[in-house]
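Okay, so here's the structure we're looking at.
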Amino acid sequence: MIKISAGEFAKVVSGSLHEIDSQMIINQSPVINSKKASKDNFFVAFVGSQVDGHDYVKEAIELGAKFALVSKSVSAPHILVADVGQALTDLAIYLRVKLSDLKVVGITGSQGKTTTKEFLNSILTLNGQTIATDGNFNTDIGVPLTLLRSNETTKYCVLEMGARHMGDIARLTKVAKPNVGVVLVVGTAHLGEFGSVAAIAKTKSELITNLPAKSTAVLGTYDSYTPKMADSLELEKILFGENQAVRAADVEIHGGFAHFDLVTPTGRTAVSLQVLGEHQIPNALAAAAAAHALGVSNEVIAEGLITATLDSKWRMQIEEVNGVQIIHDYYNANPESMQAALKTLTLLTQESGGSSWAILGKMHELGALEVQGHQGVTSYSREAGVDHLVAVATNLYQDDGNQSFTENMQQHNCLNAQAVLELVNNVSVGDVILLKASRSERFEELAILIKDKLNGVSK
């Protein structure tokens, strides 16, 4: 964070100092997990539905935190405010005004936000000090926390922006004032929350409609809504996708990884991604377009994309267990991401010469499209050439009366993990397994059981 006196800090957040000298200089960044506190942090005590952060102030201070930002008095140096969330937002707004030269990028979309953020972070880090959202910490708490990690030497700040309700992204955009706003795609993720794809599009467009004048809108061309979001606005616009200003040419897929020529208005450069899946190309193009908008050269963009790896758990991670490849992709799921993962599954299986096993759990938050969405995945699996579709604890993937065989694709309904493990007895060397479901299905636990089974570990 930027340097600020404790007195000024308290004024910005409408708070009062307790056991803190008003002349003390504060330049520590906020943390909300007491176990991550250090001398470089101050602790923010949120009151949640199950946990009260005030109970962890002592631990944070013992680990080195300079003070705590609280809404209830505690026995430690603290700044008392009425609402710690609003205080963080006020502080972030203050910092953004002070750091007028900081280049901020906001990223939103129905899918691909985290991967795009990590691609862009890899690129911009080559060009200067860069702060980026940790994981998918993209809410009204996460965005201020990320922005407040910036200081006088930070050149770029990359913010992932998510939404659960209309207006969420608008508020985040007004706080962060991005120089570049990126909308990836409008899809069906969180359809149950918003009610329609049109409502999702309107929510995602809040990033673009609230950008400061003369900012740049970077827009994907993978749906009918996104490319039009900057129409009639006083913004620069860069489109990415097929036949657009930023595009991928001469695409080849080897071992499930994309190789292509990155084309931007300033040149053409070869790129080989180290992140699994052909569907990562749009995310790479989005990051490239945002970097181009910030004046980064094609050579640096290509180097950043080539060297980028995903730190995110359970997103298209691949490992081999006794000659069987497992694709772990169960951080979240919607029909679009399911199809992308299934395509990667079949490509890898073609190369290995084995059979493809799509072990799928329920996709949540699809609302009225729940049945249609799951049956669409089944149809796509058949068209893509999946050998085995294994539905775990749901019958939503069953789209006909024959529950054991459909053309060349065998369908299996497994009530529980034990039934899945019985099927794993039929997996052979060279086969490829895809594990994918919404996060709440807890497929990471099923993955451990499958790996143990393949390793011959009995429990």
Check: [X]/[Y] side-chain N/O donor and acceptor closer than 3.5 Å:
X: S34; Y: E59; answer: yes
X: Q339; Y: H279; answer: no
X: E160; Y: T114; answer: yes
X: T154; Y: Q129; answer: yes
X: S337; Y: Q111; answer: no

With the threshold set at 4.0 Å, does a side-chain nitrogen-carboxylate oxygen contact exist between R164 and E365?
-> yes
Taking NZ, NE, NH1 and NH2 as the nitrogens, is one of them in K3 or E152 under 4.0 Å from a carboxylate oxygen of the other?
->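 The answer is no: the pair does not qualify as a salt bridge.
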Can you tell which of E319, Q317, R315, K436 makes a side chain to side chain donor-acceptor pair (under 3.5 Å) with H328?
-> E319
Do [X] side-chain atoms and [Y] backbone N/O form a donor-acceptor pair below 3.5 Å?
X: N322; Y: L454; result: yes
X: T115; Y: N283; result: no
X: E206; Y: G167; result: yes

Do [X] and [Y] touch side chain to side chain, with heavy atoms closer than 4.5 Å?
X: V104; Y: P178; answer: yes
X: M316; Y: V275; answer: no
X: L235; Y: S215; answer: yes
X: V183; Y: Y225; answer: no
X: I4; Y: Y94; answer: yes

Shortest non-hydrogen pair, V377 vs P335, comes out as CG2-CA, 4.3 Å
Shortest non-hydrogen contact from A45 toward V70 | CB-CG1, 4.0 Å
Validation: residues 7-19 side-chain donor-acceptor distances under 3.5 Å, sequence neighbours left out:
residue: S16; atom: OG; partner: H18; partner atom: NE2; Å: 2.9

Would you call the rings of Y330 and F443 parallel, tilted or perpendicular if under 30° counts as parallel and over 60° as perpendicular?
-> tilted
